[in-house]
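Here's the structure we're looking at; comments come further down.
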Amino acid sequence: MEGTSVSRRDFLRGAGVVGAAAGALALAGTAGAPAPATAAEGEGAVPAIAQLANETAWIPVQKAACPGPRGPIAFVADAIPADQIAATEDHDIIVVGAGIGGLMASLKAADEGADVVCIEKMTFGRACFEAFGAVNAKCQEGLDIQPQLLLDEIYRSAYWRIRPEPVHAYVRRSGEATDFWQAMLDKGSNGFVISHVQEFPSTCGMPCLTDLIPTELGFGSSPCLPPDAGIRPGYAGMYVCMEMQEVASQYDNLDIRFETPGVQLIREGSGSVTGVIARSADGSYVQLNARKGVILATGGYDANPALMEAWCRPEDYASSSWWNPGWGTTGDGHLMGIQVGAQMDPCPQPVMNFRWGSPDSFYDSRAWGAISIAILVNGDGNRFVREDLPFQPVSNAQNAQPDYGANCWAVFDETMMGGMDDAAVEDYAGRGWLFEGATPEELAAACGMNPEGLSATIGRYNEFFKKGIDEDFDRDLSAAVPFTGKRYFALTTNSCVLATVGGLTIDGNAQVLDTENKPIGGLYATGNVSGGFFAGNYPRHIPGTSIGRAVTFGYVAAEHAMKGE
């Protein structure tokens with residue numbers, strides 16, 4: 001059998017430039033499944049079993065097309081000739097990406113007196129979040145946060161497949177970073193206030209396996225937020241980042257440039273990273289040299305189907321919708337780091353996958369009450385999960401169903417509708433998302449489900465309320481109700497991708513490590529371009545670790561780059 005050999009250069013070109021098909025094929029190896037070969041036993045020959053084990057056409061790695069968005073990829077794989085670089089600039093710190101992690105890094109570096117340039121390929125930056133996590137910030141005084149419990153919960157959620165240094169740094173320094181963030185927001189004109197978010201007691205432990213760890217913070221106490229932002233829709237972060245951009249404009253030593261993507265890191269051999277080649281809005285290249293360091297804050301790669309197919313489980317995206325207000329997250333920082341020898345989290349990498357996905361994106365609030373009380377069933381009409389788990393576990397269970405959860409339903413009756421009025425019913429039904437029946441059998445026939453299976457499931461579920469216990473999944477029945485109405489509904493549902501959360505391996509100083517576990521001088525990463533924090537799953541039951549680590553490591557990276565400590 002002819003072996004498959006893919007160089008780093010070939011892979012980078014395939015995944016970053018050619019597109020989904022080339023990226024998937026580059027990692028999938030030879031198409032089809034040829035008969036096993038017998039390797040010659042001469043000196044230097046590769047044993048047949050080893051050859052077979054490294055051929056992904058043979059090992060059980062299933063592939064699937066990614067239906068997600070295709071954002072604008074900035075990364076350039078081939079060397080950029082010197083005569084194509086129109087200008088060269090010298091600065092202290094270059095930050096690549098103007099999301100929350102990049103803005104934190106930029107403000108911290110500027111506040112330390114650095115000459116900072118923050119480049120962002122999109123027109124307005126990106127920032128979609130509602131809350132974040134931290135430990136022992138000033139606004140958390142009086143709360144009982146035991147750091148060792150949080151450390152243990154993060155380790156357990158990753159099944160200990162992570163290194164302790166980044167997690168320790170997050171728990172140890174997130175409060176300090178949050179206090180700095182508040183000090184920056186105090187310079188703004190709108191009065192943003194970071195405050196404690198009251199969580200349900202069952203949030204940690206999925207649920208009730210461990211005590212609540214009250215680490216979630218947000219901006220609900222900020223009167224400047226517009227009414228449509230709220231605390232939970234996920235848009236508050238946009239307004240917060242706009243405020244941070246306004247604060248950044250107060251620093252003469254900080255320049256934020258939009259429509260200026262970073263396309264390639266500058267590193268000679270095994271030396272330090274000394275800068276970034278960026279593309280200006282007019283299409284010309286500019287070389288931005290960094291005396292102190294380059295901080296990658298480019299986000300994940302959820303808008304690059306090639307990388308989703310290469311690095312993630314197919315069940316985490318194949319039948320999902322996407323929810324993200326911008327499509328700049330195409331893995332540019334991942335690819336730039338790999339190109340200069342960075343180490344990355346092992347595959348498959350974790351995806352932040354939430355339930356309540358509609359065929360378009362995320363169900364609006366009219367459906368939330370009904371979905372919360374409904375049972376979740378697959379095409380056979382069978383329940384498959386404890387419905388009151390946090391978003392990520394429910395999403396994972398749904399993705400494990402046949403066809404990656406493509407034929408799953410939230411089933412409820414007229415007594416469980418919550419805020420779903422007749423107008424919402426008509427709207428969802430008109431889109432082909434909602435079906436109705438006078439009996440479980442009639443409902444199942446309407447939406448293509450197994451009638452006998454659904455009828456038996458509803459009957460068994462109702463019996464649990466008489467016994468006082470869910471014998472199949474141990475759902476908390478005190479927060480649920482049996483089926484008693486005469487109108488039955490089935491709302492199609494799928495998982496929804498919010499972000500990827502695997503990336504370049506970092507240490508506790510946010511320094512990117514090479515494949516020999518040594519820091520690459522001058523190179524840092526924060527947020528979803530960084531790794532070493534999650535393994536296989538995003539632990540949604542631990543409040544705010546995604547944005548929390550972006551805030552923390554943006555702060556830590558800038559400080560270390562400036563002070564070396």
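Heads up: numbering here begins at 1 and tracks the sequence.
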- With ring centroids as reference points, do Trp181 and Tyr555 lie under 6.0 angstrom apart? no

- Query: Hey, which of Tyr538, Tyr155, Tyr170 is the one that makes ring pair (Phe, Tyr, Trp, His ring centres under 6.0 Å) with Phe533?
  - Reply: Tyr170

- Measure the CG-CD1 distance between Leu335 and Ile73 for me, rounded to the nearest 0.5 Å. 7.5 Å

- Message: Could you measure the distance from the CZ atom of Arg161 to the CG atom of Asp345? Nearest 0.5 Å is fine.
- Response: 12.5 Å

For the residue pair [X] and [Y], confirm or rule out a side-chain donor-acceptor distance under 3.5 Å.
| X | Y | answer |
| --- | --- | --- |
| His334 | Tyr301 | no |
| His541 | Gln392 | no |
| Thr329 | Asp302 | yes |
| Lys138 | Thr178 | no |
| Asn494 | Gln398 | no |
| Asn190 | Glu243 | yes |
| Thr552 | Ser174 | no |
| Ser495 | Ser320 | no |
| Arg313 | Asn399 | no |
| Glu309 | Tyr317 | no |

- Is a side-chain donor or acceptor of Asp514 paired with a backbone partner of Glu516 at a separation under 3.5 angstrom? yes

- Query: Do you know which of Leu296, Ile266, Ile94, Leu265 makes side chain to side chain contact (heavy atoms under 4.5 Å, CB included) with Val273?
  - Reply: Leu265

Name each donor-acceptor pair under 3.5 Å that joins a side chain in residues 350-359 to protein atoms two or more places apart or in another chain, with its distance.
residue : atom : partner : partner atom : Å
Asn353  : ND2  : Asp316  : O            : 3.1
Arg355  : NH1  : Glu387  : O            : 2.7
Ser358  : OG   : Asp360  : N            : 3.2
Ser358  : OG   : Ser361  : N            : 2.9

- Residue pairs, two or more places apart or on separate chains, that pass side-chain hydrogen bond (donor to acceptor under 3.5 Å, both in side chains) and touch residues 85-111: Glu89-His91, Glu89-Arg257, Asp90-Asn289, His91-Asp115, Asp92-Arg291, Lys108-Glu112, Asp111-Tyr251

- If you look only at pairs with a residue in residues 176-192, which of them pass as a salt bridge (Lys or Arg N to Asp or Glu O under 4.0 Å), with sequence neighbours excluded? Arg173-Glu176

- For side-chain contact (heavy atoms from CB on, under 4.5 Å), just list the numbers for Leu185 and Val247, CA-CA rounded to whole Å, side-chain angles, deciding distance to a tenth of an Å, and then say yes or no. CA-CA 7 Å; Leu185 293 173; Val247 172; 5.8 Å; no

